[in-house]
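I have placed the structure first, in the form of structure tokens, so that the comments after it can refer back to it.
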Amino acid sequence: MSRADPAPPRAVEPAPAAAPLPAAFYDRPVLEVAPALVGCVVRHGDTAGVIVETEAYHHSEPACHAYVGLTARTRPLFGPAGVAYVYRSYGIHALLNAVCEPEGVGAAVLIRALAPLDGLEVMRARRRVARDAELCSGPGKLTQALGVGLEHNATSLVDGPVRIEPRPPAWAAPALLTGPRVGITKAADLPWRFCAAGSRHVSRPWPPGLRDAAA
DNA sequence: CATGGGATTGACT
DNA sequence: GTCAATCCCATGC
């Protein structure tokens, strides 16, 4: 083509994928990693979203799958940090976790909700919901929207197909709310859930009294 | 080998 | 507010 030709139209602007978080980010206490992941970006293919809700799990408490010890199922949880732990919930949904802490410690952060960032049209095609706020507002919803499945279990979040990137500038210091984890019966009192204050994309609203910190 | 529960969601009353 | 769908796997006989 000649120089006078207009640039060919691009179907999709290339995703400005940042360098992913290093494994060392995850290799520390899970209660530090869980709030630190809020505002970071989960990316898979053309789709990406900003994490607005997380929960911490640790093998010392019975709500964690690793509580039962090292089994074929829980092996990734006890492995090195920076790896995905994806499992099926209620026979239907795939839930995405980021394995934390040194090898031998069974700990992970459950990614519970995202604010959609890139690939909105792909997400809408996968989710078929009325409003964009429902695309990723739950742990099973976001994996469906991003195309994350059980095949991603035990893959690297640093150089695998599903990656997590540092907080973009707009999310440099998100206001956080803390509360009890959702949907569990054991160790339900631990306040190990972390949300971006005021986000419309969280999986469940906060009880009255915690809303005043909303940004 | 049979059983039961689960870090959920969507449809329905 | 209630409830079914659906499957992996830990546990127990």
Side-chain angles (χ1 to χ4, degrees), chain A residues 26 29-31 33-35 37-38 40 42 49 51-79 81 83-101 105-116 123-155 157 162 164 176-196 199-208:
Chain A
Y26 307 94
V30 68
L31 283 176
V33 180
L37 277 175
V38 175
C40 297
V42 180
I51 299 172
V52 295
E53 179 176 352
T54 62
E55 286 177 359
Y57 288 85
H58 187 272
H59 73 232
S60 61
E61 44 91 15
C64 182
H65 289 176
Y67 184 69
V68 299
L70 179 59
T71 67
R73 182 198 200 190
T74 62
R75 183 185 325 276
L77 286 170
F78 287 94
V83 168
Y85 171 58
V86 185
Y87 75 98
R88 187 172 297 288
S89 175
Y90 290 87
I92 303 173
H93 308 286
L95 271 59
L96 172 64
N97 301 252
V99 175
C100 297
E101 309 218 12
V105 178
V109 174
L110 170 66
I111 311 298
R112 284 195 56 89
L114 308 176
M123 294 186 189
R124 294 185 190 109
R126 288 172 173 155
R127 290 272 304 138
R128 308 281 183 106
V129 291
R131 308 193 318 280
D132 285 352
E134 300 170 19
L135 285 175
C136 299
S137 59
K141 298 176 183 177
L142 70 91
T143 53
Q144 186 184 7
L146 267 62
V148 172
L150 300 186
E151 68 272 22
H152 296 109
N153 186 38
T155 62
L157 294 170
V162 181
I164 304 181
L176 297 185
L177 296 179
T178 304
R181 295 173 293 183
V182 175
I184 57 174
T185 56
K186 292 165 282 192
D189 53 320
L190 296 176
W192 286 8
R193 180 189 184 210
F194 304 92
C195 284
S199 174
R200 295 174 290 107
H201 302 275
V202 297
S203 65
R204 277 193 55 183
W206 288 86

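Lettering follows sequence order; numbering is per chain, from 1.
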_Checking A:Gln144 against A:Arg126: is there a side-chain donor and acceptor pair closer than 3.5 Å?_
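Note: A:Arg126 and A:Gln144 side chains miss the donor-acceptor criterion.
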Separation of atom [atom1] in [X] from atom [atom2] in [N], rounded to whole Å:
X        : N      : atom1 : atom2 : result
A:Glu53  : B:dT8  : CD    : P     : 10 Å
A:Arg193 : B:dT8  : CZ    : C1'   : 14 Å
A:Leu70  : C:dC9  : CG    : P     : 14 Å
A:Leu77  : C:dC9  : CG    : C1'   : 14 Å
A:Tyr87  : C:dA10 : OH    : P     : 14 Å
A:Leu135 : B:dT9  : CG    : C1'   : 15 Å
A:Leu95  : B:dG5  : CG    : C1'   : 15 Å
A:His65  : C:dA10 : NE2   : C1'   : 11 Å

*What do you reckon, is OH of A:Tyr67 surrounded by more than 12 foreign heavy atoms closer than 6.0 Å?*
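No.
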_A:Arg200 CZ: over 12 foreign heavy atoms closer than 6.0 Å_ =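 Atom CZ in A:Arg200 is not packed in, count stays at 12 or less.
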*Using heavy atoms to find the nearest nucleotide of DNA chain C for A:His93 and A:Leu150 separately, return the residue whose nucleotide is more 5′.*
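Upstream on the strand: A:His93.
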_Minimum heavy-atom separation for A:Val86 and A:Ala94, please, with both atom names._
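Between these two residues, the closest heavy atoms are CG1-CB, 4.0 Å.
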If you check the [X] side chain, which of [options] turns out closest?
X        : options               : value
A:Ile92  : B:dA7, C:dT6, B:dG10  : C:dT6
A:Tyr90  : B:dT9, B:dA7, B:dT8   : B:dT8
A:Arg88  : C:dC8, C:dT6, B:dT9   : C:dC8
A:Lys141 : B:dG10, B:dA7, C:dA10 : B:dG10
A:Val68  : B:dT8, C:dA10, B:dA7  : C:dA10
A:Arg73  : C:dC9, B:dT9, C:dC8   : C:dC9

*Flag side-chain contact, heavy atom, 4.5 Å: A:Val105 against A:His58*: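 In short, these two side chains touch, coming nearer than 4.5 Å.
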_First encountered from the 5' end of DNA chain B, between A:Ser203 and A:Lys186_ =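 Nearest-nucleotide comparison on DNA chain B picks A:Lys186.
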*Hey, which of these two, A:Gly183 or A:Arg127, hits DNA chain B nearer its 5' end, going by closest nucleotide?*
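It is A:Gly183 whose nearest nucleotide is closer to the 5' end.
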*Who pairs with C:dT6 - Watson-Crick or G-U, where each distance is under 3.5 Å*: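 The answer is none; no pair meets the criterion.
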*Identify whether any heavy atom of A:Thr185 sits under 4.0 Å from a base atom; if not, whether one sits that close to sugar-phosphate; answer base, sugar-phosphate or nothing.*
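Sugar-phosphate, no base atom in range.
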_Does A:Leu110 reach a base, just sugar-phosphate, or nothing at all? Heavy atoms under 4.0 Å._
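The residue A:Leu110 makes base contact.
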_Measuring from atom OG of A:Ser203 to atom CD of A:Glu55, what distance do you get when rounded to the nearest 0.5 angstrom?_
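CD of A:Glu55 is found 7.5 Å from OG of A:Ser203.
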*Quick one: is A:Thr71 getting a side-chain N or O under 4.0 Å of the C:dA10 phosphate, OP1 or OP2?*
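For C:dA10, OP1 or OP2 has a side-chain N or O of A:Thr71 closer than 4.0 Å.
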*Side-chain N or O of A:Arg112 closer than 4.0 Å to phosphate OP1/OP2 of B:dT8*: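 A:Arg112 to B:dT8 OP1/OP2: side-chain N or O found under 4.0 Å.
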